[in-house]
Amino acid sequence: MVLTRRLLYVALALSVVVVALPVAWAWWTCLTLLVGLIVVDMMLAGSPRQVRVERVPGAAVRLSRTTTAESVLHHSGRRRLRGSVKDGWQPSAGSLRPVTPVDIPPGGLRRVSVPLRPSRRGDLVSSTLAVRSLGPLGLAGRQVVHRSRHLQRVLPPFRSRKHLPSKLQRLRELDGQTAVQIRGAGTEFDSLRDYVRGDDVRSIDWRATARRRTGAGHNLVVRTWRPERDRRVILCLDSSRTSAARIDDEPRLDTGMEASLLLGVLAAGAGDRVDFIGFDRGIVARARSSSSGDFLHQMVNAMATMDPELVEADFSQLPSHVEAISSQRALVVVLTSLESGSLEEGLLPVLPALTAKHLVLLAAVRDPDLDRRTVERATATEVYRAAAAEREIIEREAKKAQLVSMGVEVVDATPHELPPQLADTYIRLKATGRL
């Protein structure tokens, strides 16, 4: 049973009669009238139990974008249903209009749309839909909660997409798709062309020149190169407890996702085969560019349900995961933290097995608060904080030097700088022929 605010106004009006006529029969008459109005209004209200809820599947939406969750109400009752419905979305779904008024004739249907602006990535679920039916007087009614599941997937925002056009342009320049191809842009032979002033004489193909001289032409012929294609790039994103730390008001895992998306789409656009895995104690997410479909779509869907787990990452299984993906030489990008515990006890022991066959690139998020604290020394507390920050920076640089000595490329940058710097490192490796 549902009572409305209008019933309160009617009760206040009847209380005036009771005060004006302070006798027992007046009190009982007003009470009987009020109860009678409630019973009649409830009986004349359309039955919410005669409503069947049909959920309309919605497309996935990126974080901070607005979407609409739609449901169709089929009314099989004999009375008109006037009232409202409320979808049971959690607060992180950002329901902009949780209660929707409805007016459904007997045997009719009504499509209900609820605008959503999610504030959390992952799968958002609404398990219930409450249908409230009011009588013709609007004093009382009935309410039923229908169990009907509605799923809305929220994808990573991919804010680093803005860097993609400039990085792709640099790759096209390296790939020789500009007006002039030059030596040094790669080591894979592309084509032959006429010599022009300024070309490196070491790029002259004397055999092709000799063959041309037997014909009508007498120009020198030079070779052109392009960056190697069809190389393997394996992205390994750590989703263990260290990825739950918030750096610059963003979890380390989300920054790793942004960097992985930019590098993955960039490498796939360059013609390389890209594999993505998310791991902690085992593999929790997987995507590969060789599969059918858009690789970006595969990656964001694989990342959508990833959350930091409060467990230690098992780096000992990383070489076997990489070997299962590719037995050929590959660029293995490990996105994790440079914290001493997880690095020294987890990743460092397995690095020789990876660097012996693959080119390893470690990408880590640097807390910009460390640099800010080193310059704030006005009070004794700030001096101690600055000393702690300086010590952390020194230890971090020592770990980076140790990794470089083992043949590992290291990218250590703040959350906003990590994705473009990781992409620049990939382009540099490709331009120097190290892939």
Would you call E397-K400 a salt bridge at under 4.0 Å N-O?
yes
Strictly distance-based, threshold 3.5 Å: is any side-chain N or O of H358 a donor or acceptor partner for the main-chain N or O of A330?
yes
Could you tell me the separation between the CZ atom of R6 and the CG atom of D41, rounded to the nearest 0.5 Å?
8.5 Å
Taking the basic N atoms (NZ, or NE/NH1/NH2) and the acidic carboxylate oxygens, is any pair closer than 4.0 Å for R252 and D238?
no
Any side-chain heavy-atom pair of I277 and L235 under 4.5 Å:
no
Taking only Lys NZ, Arg NE, NH1 and NH2, and the carboxylate oxygens of Asp or Glu, determine whether D254 and R121 approach each other closer than 4.0 Å.
yes
Residues D272 and R232 bridged, charged N to O under 4.0 Å:
no
Drop me the distance from K167's NZ to Y426's OH, to the nearest 0.5 angstrom.
13.0 Å
Judged by atom type as modelled, is there a donor-acceptor pair below 3.5 Å linking the side chain of R142 to the main-chain atoms of A45?
yes
N-O pairing of D87 and R55 below 4.0 Å
yes
R241/E312 salt bridge by N-O under 4.0 Å criterion:
yes
Please determine if E250 and R246 form a salt bridge, counting it only when a charged side-chain N lies under 4.0 Å from a carboxylate O.
no
With ring centroids as reference points, do F279 and F315 lie under 6.0 angstrom apart?
yes
Taking NZ, NE, NH1 and NH2 as the nitrogens, is one of them in R286 or D275 under 4.0 Å from a carboxylate oxygen of the other?
no
Salt bridge E390-R377, side-chain N to carboxylate O under 4.0 Å
yes
All heavy atoms of G138 vs all of T4, minimum pair found to be O-OG1, 2.6 Å
Pairing of E409 and R428 as salt bridge, 4.0 angstrom limit:
yes
So that I can tick it off, tell me whether E382 and R373 are bridged by a salt bridge, with the cut-off set at under 4.0 angstrom between side-chain N and carboxylate O.
no
